[in-house]
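Here the structure comes first, spelled out in structure tokens, and everything after it is commentary.
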Amino acid sequence: MEDSELVREAIVAREGAYVPYSHFSVGAALLDADGRVWHGCNIENAAYSPGNCAERTAIFKAVSEGVRGFVAIAVVGGAEGRPISDWCAPCGVCRQVLREFCDPGSFRVVLARSPQDMRGYLLKELLPMGFGPEDLRRADDNGEADAQ
Ligand code: THU
């Protein structure tokens with residue numbers, strides 16, 4: 001799938017945003033290794049902290065359905081009810097959640113102001129020296145080696 005098409009999917013996903021507090025709506029479209037697209041939007045809450053970002057909505061939907069391999073995510077966001085005019089980059093928490101399930105050296109994050117105006121990054125560029133599941137596995141392996 002072309003990046004511009006994934007961006008169009010993110011623009012559609014943004015329409016589902018529930019943002020009565022920030023009035024900032026975000027849409028994400030996550031492409032899995034089988035070519036399926038998972039949509040996510042931000043969902044806010046009167047108690048504020050339970051709110052969820054668009055990127056995490058998309059990845060939690062996919063992971064909860066058993067998907068583990070991902071290729072790219074497109075993210076768009078801006079003032080509710082208005083066309084997108086600026087870049088919307090994933091927050092730190094979303095970068096870390098992506099890091100759990102996506103290969104930082106190949107997974108791409110596509111930011112867009114329109115399907116014609118995009119910027120692509122590798123996850124490792126957005127989360128340098130990230131901490132992931134392999135770090136815990138490595139620590140486990142070292143422990144086992146020491147015990148022998
Ligand atoms: N938000 C996202 O959904 N994704 C991002 O990449 C940045 C921020 C949401 C969280 C909150 O609902 C609103 O945008 C304002 O921060």
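Quick caveat: nothing in here was measured; it's all calculated off a predicted structure. When a ligand or atom number is given, it counts from 1 through the structure's own listing order. Below, all heavy atoms of this structure are taken into account, side chains as well, without hydrogens, waters or symmetry copies.
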Exercise for the section: State plainly whether the residues Lys124 and Asp103 are in salt-bridge range, i.e. N to O under 4.0 Å. Expected result: no

Handout entry: Nearest-contact summary for atom 14 (O) of ligand 1 - protein heavy atom, Å
Key = Asn42 ND2, 3.3 Å

Exercise for the section: Run the numbers for me: atoms of ligand 1, each under 4.0 Å from some heavy atom of Cys88, listed by number. Expected result: 5 (C), 6 (O)

Problem - Heavy atom of Gly51, distance to ligand 1 below 4.0 Å - result: no

Practice task
May I ask whether Cys94 places a heavy atom under 4.0 Å from ligand 1?
Solution key: no

Practice task
Starting at CD of Glu80, measure out to CD of Glu15 and round the result to the nearest 0.5 Å.
Solution key: 12.0 Å

Exercise for the section: Say whether Leu126 and Leu98 are linked into one hydrophobic cluster, either directly or through other cluster members, by side-chain heavy-atom distances under 4.5 angstrom. Expected result: yes

Handout entry: Polar proximity ligand 1 side, Glu55 side, N/O cut 3.5 Å exclusive
Key = yes

Problem - Closest protein heavy atom (residue, atom, distance) for atom 12 (O) of ligand 1 - result: Glu44 OE2, 2.5 Å

Exercise for the section: Indicate if Leu123 and Met118 have the same hydrophobic cluster label, given that clusters are the connected sets of ILVMFWY residues with side-chain heavy-atom separations under 4.5 angstrom. Expected result: no

Handout entry: N-O pairing of Glu2 and Arg8 below 4.0 Å
Key = no

Exercise for the section: Among residues two or more places apart or on two chains, list those pairs meeting ring pair (Phe, Tyr, Trp, His ring centres under 6.0 Å) that have a residue in residues 53-111. Expected result: none

Problem - Protein heavy atom under 4.0 Å of atom 16 (O) of ligand 1 - result: no

Problem - Atoms in ligand 1 flagged as close to Cys53, the criterion being non-hydrogen separation under 4.0 Å - result: 1 (N), 2 (C), 3 (O), 4 (N), 10 (C)

Practice task
Output yes when the distance from some N or O of ligand 1 to some N or O of Val19 is under 3.5 Å, and no in every other case.
Solution key: no

Practice task
Please round to the nearest 0.5 Å and tell me the distance separating atom CG of Asp32 and atom CZ of Arg68.
Solution key: 12.0 Å

Practice task
Specify the protein heavy atom at minimum distance from atom 3 (O) of ligand 1: its residue, its atom name, and the distance to 0.1 Å.
Solution key: Ala54 N, 2.9 Å

Exercise for the section: Using a strict 4.0 Å threshold on nitrogen-to-oxygen distance, state whether Asp135 and Arg138 make a salt bridge. Expected result: yes

Practice task
May I ask you to check whether Ser22 has an N/O atom sitting below 3.5 Å from an N/O atom of ligand 1?
Solution key: no

Practice task
State if Ala28 counts as touching ligand 1 under the rule of any non-hydrogen atom under 4.0 Å.
Solution key: no

